[in-house]
J.: 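The structure under discussion is supplied below as C-alpha cells; questions concerning it will follow.
Numbering of ligands and ligand atoms starts at 1, following listing order. All values below were derived from every heavy atom in this structure, side-chain atoms included, with hydrogens, water molecules and symmetry-related copies excluded. Just so it is clear, the structure is predicted and the values come from calculations on it, not from any experiment.
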Amino acid sequence: MAFDFTGNGFKPFEKKLWLSSPTMHGEEIEYVEEAYRTNWMSTVGQNINEVEKITCEKIGCKYAVALSAGTAALHLAMKLAGQELYGQSEANKGALEGRHVFASDMTFDATVNPICYEGGIPVFIDTEPDTWNMDPVALDKAFEIYPNVKLVVMAHLYGTPGKIDELKTVCNKHGAIIVEDAAESLGALYKGVQTGTFGKYNCISFNGNKIITGSAGGMLLTDSKEAADKVRKWSTQARENAPWYQHEEIGFNYRMSNVIAGVIRGQYLYLEEHIARKKAIYERYREGLKNLPVSMNPYDAKNSEPNFWLSCLIIDSDAMCEQVRSETKPLYIPEKGKSCHTEILDAIASINAEGRPIWKPMHMQPIYRMNPFITKTGSGRAMTNAYIEGTVVDVGMDIFNRGLCLPSDNKMTAEQQEVIIDVIKACFE
Ligand SMILES: *Cc1c(COP(=O)(O)O)cnc(C)c1O
C-alpha cells in the first residue's frame with residue numbers, strides 16, 4: 001500500500017507549514033521605524049550603509065553594494081564582466097552580445113536570465129552528484145568545446161557549497177572570470193571561507209524565502225573598488241557628476257531601499273541562529289529517514305559547512321514507483337514499498353505543509369531548450385531521457401526525477417517534523 005490519502009489518520013496542521021518562510025525577531029521593525037522617524041524613506045540612509053558594512057565584515061569581501069534584488073546584482077555582475085572581457089558595447093546593446101557564458105544547470109532561473117539581459121547565450125553545465133552543483137569535469141569538457149568562453153556563473157544550490165577548488169582550477173586554466181551566485185548560500189563556508197568571495201563579482205539575496213530576508217533585496221560583492229563604484233552608479237540611473245541629470249551610460253533603478261535595509265539589518269543579528277536551526281532540521285530528517293530507501297541532499301562534510309537552507313531528499317532508483325511528467329503535470333502509479341516525489345509532495349500537502357519539487361534543470365526549461373548543455377562525457381543536448389541502459393547520463397535530470405525539497409521552515413517544531421517524517425514513511429509502506 002502506498003500513501004492512503006483518506007485513511008492514514010494524519011491530522012492536518014492548523015497553520016500551514018511553509019517550505020521556508022521569513023522569521024522575524026523584533027529588531028527589524030526598530031530599524032524600519034528609525035528610517036521612518038528620521039524620514040530616510042529612500043534609497044539613501046543609515047540602514048543601507050550599515051548593512052553594506054555588516055556584509056563586508058561577515059562575508060570577508062572589501063565592497064558590498066546594496067541593490068533591490070539578487071537578480072539585479074547578477075545583472076550588473078554580467079555587465080561588469082562583459083565590459084571587462086569584450087569592451088564597452090554600444091549603448092543599446094548588451095555587454096555580452098552574442099557571447100557564450102557557462103552557467104550552472106541545476107539552479108533557479110535568476111542565475112541565468114541576467115546572461116540574456118546582456119545579450120549573452122547561456123551554455124548549461126551538468127551537475128555532479130556529490131553536492132548537486134556544477135560538475136568541474138563537465139566544465140572542463142565545455143572549455144574543450146567552447147575554448148573562447150571567458151565567463152562562468154556558478155550557484156551553490158540549497159545552501160550547499162559546490163566543488164569550488166576544482167571549479168576554480170578549471171576556470172584559471174582557461175583564464176575565465178567567475179561570478180558566484182551565493183543567493184541561497186549566505187553564511188555557508190568552504191574550507192572555512194564564506195561563499196560569495198570566490199568569484200570576481202558575487203551575489204547574495206535577501207528575498208523572502210532566503211536564510212535571512214529584507215522581504216526583498218540583494219547585494220553585489222567584490223574586492224574591486226572600481227567595480228563597486230560602477231555598480232553604485234549604474235544602480236542609481238548612471239548619473240554623471242554634473243549639476244543636472246547628465247547621462248553617458250544606460251542606467252538602472254536597482255538601489256536598495258533604506259526601509260528594506262532596516263529589515264536586513266535586524267535579520268543579520270540572527271543569521272547564525274537561522275543556520276543552526278536549519279542544520280538541526282536537516283539532521284532530524286537524516287536521522288528520521290535513515291531506514292527508508294532515500295538519502296538527504298549531499299554535501300562535502302570535510303571541506304564545507306552548508307547553511308542548510310533547504311533540506312531535500314532523493315529516492316533510491318529501485319524504490320521509485322513509475323512516474324511520468326509532462327511540461328506541467330505529473331502522473332504516477334502508486335506501488336507498495338515504493339514512492340516518488342509527487343506522491344510524497346501530495347501527502348505532505350494533505351497535512352497542510354509545503355514541499356517543492358527539485359528546481360527543474362535549466363536545459364529542460366522550454367525557454368532554454370535550444371541552448372547547449374554539456375555533460376561530463378562532453379555530449380549533450382536534446383536529452384529525452386536522463387538514462388541510457390540504466391546509466392545516468394544527465395545528472396541534473398536524475399536528481400530532478402528522484403528528488404524533492406522538504407518543509408524546511410525555521411519555525412517548524414520537532415513534533416511537527418516528526419509528523420512529516422511519519423508521512424514520508426507511510427508513502428513507502
Ligand atoms: C533567490 C535566488 C536568486 C535571485 O534573488 P532575488 O533576490 O530573488 O532576485 C538568484 N539565484 C538563486 C540561486 C536564487 O535562489
J.: Should Ala73 be listed as contacting ligand 1, given a heavy-atom distance under 4.0 Å as the test?
T.: no
J.: Could you tell me the residue and atom name of the protein heavy atom closest to atom 8 (O) of ligand 1, and the distance to it rounded to 0.1 Å?
T.: Asn207 ND2, 2.8 Å
J.: So that I know where these two stand, are Phe124 and His363 an aromatic pair - ring centroids less than 6.0 Å apart?
T.: no
J.: Should the proximity of Asp181 to ligand 1, defined as any heavy atom under 4.0 Å, be assigned to the side chain, the backbone, both, or neither?
T.: side chain
J.: Looking only at N/O atoms, are Trp309 and ligand 1 under 3.5 Å apart anywhere?
T.: no
J.: Report, in ascending order of atom number, the atoms of ligand 1 lying under 4.0 Å from any heavy atom of Gly217.
T.: 7 (O)
J.: Side chains of Met362 and Thr111: does their closest heavy-atom pair fall under 4.5 Å?
T.: no
J.: Of the backbone atoms (N, CA, C, O) and the side-chain heavy atoms from C-beta on, which set of Ala183 has a member under 4.0 Å from an atom of ligand 1: side chain, backbone, both, or neither?
T.: side chain
J.: Give a yes/no on ligand 1: does Lys210 have at least one heavy atom closer than 4.0 angstrom to it?
T.: yes
J.: Taking the six-membered ring for Trp, are the ring centroids of Tyr299 and Phe308 within less than 6.0 Å of each other?
T.: yes
J.: May I ask which of Gly218, Gly70, Ala110, Ser68 has a heavy atom nearer to atom 6 (P) of ligand 1 than the others do?
T.: Gly70
J.: Need the ligand 1 atom indices (1-based, order shown) with element for anything under 4.0 Å from a heavy-atom of Glu184.
T.: 12 (C), 13 (C), 14 (C), 15 (O)
J.: Assess the side chains of Asn207 and Ser205: does a donor N or O sit below 3.5 Å from an acceptor N or O?
T.: no
J.: Quick one: look up the protein heavy atom nearest atom 5 (O) of ligand 1 and list residue, atom name and how far away it is.
T.: Ser205 OG, 3.2 Å
J.: How far is atom 9 (O) of ligand 1 from the closest protein heavy atom, and which atom is that?
T.: Thr71 OG1, 2.5 Å
J.: Under 3.5 Å, is there a donor-acceptor pair linking the side chains of His274 and Gln267?
T.: no
J.: Side-chain donor-acceptor pair under 3.5 Å between Tyr270 and Glu27, yes or no?
T.: yes
J.: Under a 3.5 Å distance rule, please check whether Asn297 uses its side chain to pair with a backbone N or O of Leu310 as donor and acceptor.
T.: yes
J.: Between Ser235 (side chain) and Arg232 (backbone), is there a donor-acceptor pair under 3.5 Å?
T.: yes
J.: May I ask you to check whether Trp359 has an N/O atom sitting below 3.5 Å from an N/O atom of ligand 1?
T.: no
J.: Can you check whether Tyr190 and His156 have ring centres sitting under 6.0 Å from each other?
T.: no
J.: What I want to know is whether Thr107 and ligand 1 share at least one N or O pair that is separated by under 3.5 angstrom.
T.: no
